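First the proteins, then the strands, lettered A, B, ... as listed; each starts at 1. Note that the coordinates shown come from a computational prediction; the quantities given were computed from them, not determined experimentally. Side chains are part of it too, since the values below use all heavy atoms of this structure and drop only hydrogens, waters and symmetry mates.
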Amino acid sequence: MTYRTHTCGELQAKDITKSVTLAGWVQTIRKFGSITFVDLRDRYGITQLLFNEALNTRLDATPLGREFVIQVEGKVIERSNKNLQLSTGEIEIEVSNFTILNASIVPPFTIVDDTDGGDDIRMKYRYLDLRRSAIQQNIQLRYAVNRATREYLHNNHFLDIETPFLIKSTPEGARDFVVPSRMNEQEFYALPQSPQTFKQLLMVSGFDRYYQIVKCFRDEDLRADRQPEFTQIDCEMSFVNQENVLQMFEGLVKHILKTVKNIDYAQPVERMTWEHAMEHYGNDKPDIRFDMKLKNITQTVQGKGFKVFDDAEYIVAIVVKNCTDYTRKQIDELTDWVKRPQIGMGGLAVVKYQADGILKSSFDKFFNEEQLKQIADTSHATANDLILILSGNKTKTQKAMSELRLEMASRLGLRKADEFKLLWVLDFPLLEYNEEEQIWHACHHPFTSPKPEHIEWMNDKNKFKDIKANAYDMVLNGNEIGGGSIRIFQRDLQEKMFATLGLTKEEAQEKFGFLLGAFEYGAPPHGGIAFGFDRLCAILSGSESIRDVIAFPKNNSGRDVMLNAPSAIDDKQYKELHLKK
RNA sequence: GGAUCGGUAGUUCAGUUGGUUAGAACGCUGCCCUGUCACGGCAGAGGUCGCGGGUUCGAGUCCCGUCCGGUCCGCCA
């Protein structure tokens with residue numbers, strides 16, 4: 001038996017008079033006395049069926065309901081009223097025979113693009129949600145990105161090599177998911193946070209160019225763009241310097257943009273140092289689709305008797321073009337916005353550079369016209385511009401202004417979903433200080449190579465914060481989509497790095513002895529990068545959350561609400577795994 | 001660990017200062033309809049207002065606790 005001769009998305013005017021068999025899901029039923037229209041859906045599209053009881057009394061569509069799976073035989077005929085919104089809108093099927101392959105109870109939400117279902121119910125019935133064409137397109141885009149990645153990397157002689165999921169728990173970084181070992185009492189595997197050490201060992205083994213589109217696991221709290229299990233495009237290369245890596249992988253992203261979105265990204269990918277990004281954008285992943293850079297105006301505004309400024313460590317401005325018409329109400333609303341706990345600023349100072357050249361500020365009591373002009377000049381504002389100013393502790397103020405910059409751009413429509421701007425952020429610090437734990441952590445990871453000229457600073461704690469690494473992030477529209485580094489490949493430097501991070505020699509040997517050992521047998525210089533595959537797919541599909549590009553995602557609490565996982569295990573399992581209940 | 005918003009019909013939501021029998025839309029059921037594609041018309045069914053406690057003559061509404069979900073901070077080498 002042949003279930004179908006065609007899909008629901010392919011029949012056109014040229015097929016008129018053909019006899020066909022279609023199978024799919026009932027999307028909607030529209031009954032008009034003795035004739036009934038049924039929209040039949042599969043992943044390829046929708047085809048309208050015509051059930052005409054005047055032709056045959058068996059063609060009564062009354063038994064059908066939404067989401068029934070049916071098979072129909074019939075003839076392709078021309079529609080009297082065409083529907084130009086459907087690819088199959090010029091034709092319909094005059095049904096001669098139909099079979100209900102499987103009935104459906106009434107679905108809890110309607111299976112249409114603009115569904116009435118909320119997140120919760122859609123996740124519980126994810127298999128129904130996945131029938132919706134909007135989600136199906138995301139999943140198809142994900143596959144397209146996967147294919148484009150494999151194609152590019154294969155053409156550049158990368159090998160896809162699988163690495164194990166049951167590995168060893170390591171210190172630092174994210175929390176590990178842990179798996180108890182039945183055969184090795186009181187011992188545990190960990191699921192990999194990334195295949196980092198394995199790919200480095202593959203370089204030692206001479207595989208030269210490796211990649212994997214691979215699941216990684218981190219037991220940390222979730223966000224809209226963070227899942228406990230997520231997918232990376234994980235890559236590593238031998239005998240490369242930083243420039244080689246940047247070239248190779250901006251090529252990859254350009255290839256993906258071309259293949260998946262048909263975008264010719266001809267211009268070179270912009271580059272800036274981490275320090276430059278922090279100073280001019282207030283964060284390490286600037287959105288460069290628009291300007292509105294942060295301007296440090298601390299020197300310009302202090303000493304004028306305005307306590308808010310005089311007491312601040314750092315005062316920063318952004319210039320919002322053509323917004324002097326902002327009303328008091330809008331300014332008050334922005335002020336409330338920066339006062340929200342997530343931003344946590346005390347207030348917002350404003351200077352309006354009016355079209356007539358007159359400057360007005362929210363702190364006119366302390367500043368005369370000329371002093372306001374100095375602020376305008378320092379921040380490169382001209383007539384018609386609105387200057388927004390935040391002040392306070394440097395780190396917090398930079399971060400808050402970075403958020404305000406994005407918020408203003410969103411309000412002004414400057415963050416267009418169909419515009420893609422790539423950026424390399426370079427020269428990240430090697431180390432960062434964790435106030436809470438009072439220790440230095442690796443900014444990227446402990447295998448990242450410091451810049452050679454900074455290696456000697458690893459002997460001086462006071463210079464730790466100044467050590468830069470050969471580490472780089474790729475940023476797309478203000479999202480970190482990938483990050484990597486040139487790695488340490490000498491045993492002594494790696495040991496020094498572990499020591500810097502506070503590991504004793506014994507701990508380093510216990511946790512990473514295999515890697516230190518490998519470095520003694522002729523490890524080649526190497527480096528690599530890993531891209532957040534889910535995040536990349538979310539951006540390319542215009543999705544707000546990576547959940548929209550993952551077939552079976554977890555919710556905010558790390559739960560799979562469809563499976564109801566995680567769940568309790570039975571007593572027998574506790575016993576076998578040598579766990580106490 | 002913390003902040004914040006939400007939980008009312010199958011679904012998405014409204015519900016005023018605490019006050020009669022808790023509403024709308026979509027969906028669902030039945031009937032009518034030969035050209036719809038957001039079909040239309042008529043009729044109807046459908047509710048433990050997340051859960052527990054309290055205040056009150058009276059609680060969907062106020063208070064306390066708790067569970068669930070969204071977003072964010074911390075965290076995410």
Which one, [options], comes nearest to the side chain of [X]?
{"X": "A:Asp221", "options": "B:C37, B:G1, B:G27", "answer": "B:G1"}
{"X": "A:Arg547", "options": "B:C37, B:U71, B:G1", "answer": "B:U71"}
{"X": "A:Asn556", "options": "B:G70, B:C75, B:U11", "answer": "B:G70"}

Item to complete: Please answer whether B:U36 and A:Phe37 are stacked, defined here as ring centres separated by less than 5.5 Å and planes angled under 30°.
Response: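 Yes, A:Phe37 stacks on the base of B:U36.
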Worksheet item: With distance as the sole criterion, is a donor-acceptor pair present between the side chains of A:Asn564 and A:Arg559 under 3.5 Å?
Response: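 Short answer, yes.
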Pairwise [atom1] distance for [N] and [M], with rounding to whole Å:
{"N": "B:G52", "M": "B:U71", "atom1": "P", "value": "28 Å"}
{"N": "B:A38", "M": "B:U20", "atom1": "P", "value": "41 Å"}
{"N": "B:U55", "M": "B:U11", "atom1": "P", "value": "33 Å"}
{"N": "B:G40", "M": "B:G58", "atom1": "P", "value": "47 Å"}
{"N": "B:C62", "M": "B:U17", "atom1": "P", "value": "10 Å"}
{"N": "B:U21", "M": "B:U29", "atom1": "C1'", "value": "24 Å"}
{"N": "B:C37", "M": "B:C49", "atom1": "P", "value": "39 Å"}

So what does [X] hit on the nucleic acid, given a heavy-atom distance under 4.0 Å: a base, only sugar-phosphate, or nothing?
{"X": "A:Ala54", "answer": "base"}
{"X": "A:Pro108", "answer": "sugar-phosphate"}
{"X": "A:Lys124", "answer": "nothing"}
{"X": "A:Asp219", "answer": "nothing"}
{"X": "A:Phe109", "answer": "nothing"}
{"X": "A:Arg122", "answer": "nothing"}

Item to complete: Over 60° means perpendicular and under 30° means parallel, so classify the ring planes of A:Tyr125 and A:Tyr127, tilted if in between.
Response: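 Ring orientation, 0 to 90° scale: perpendicular.
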Discussion item. For a quick test of reading the model: is some side-chain N or O of A:Arg66 closer than 4.0 Å to OP1 or OP2 of B:C28?
Written reply: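 Looking at the OP1 and OP2 atoms of B:C28, one of them is under 4.0 Å from a side-chain N or O of A:Arg66.
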Worksheet item: Below 4.0 angstrom from OP1 or OP2 of B:G69, is there any side-chain N or O of A:Ser557?
Response: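 A:Ser557 to B:G69 OP1/OP2: side-chain N or O found under 4.0 Å.
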Worksheet item: Does A:Lys199 pair with A:Asp234 as a salt bridge, N-O distance under 4.0 Å?
Response: yes
Worksheet item: Is it true that A:Glu507 and A:Lys511 make a salt bridge, defined as a side-chain N closer than 4.0 Å to a carboxylate O?
Response: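 Judged by the 4.0 Å cut-off on N to carboxylate O distance, A:Glu507 and A:Lys511 do not form a salt bridge.
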Worksheet item: Whom does B:A3 pair with, Watson-Crick or G-U wobble, provided both distances fall under 3.5 Å?
Response: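 Across all strands, the one nucleotide that pairs with B:A3 is B:U71.
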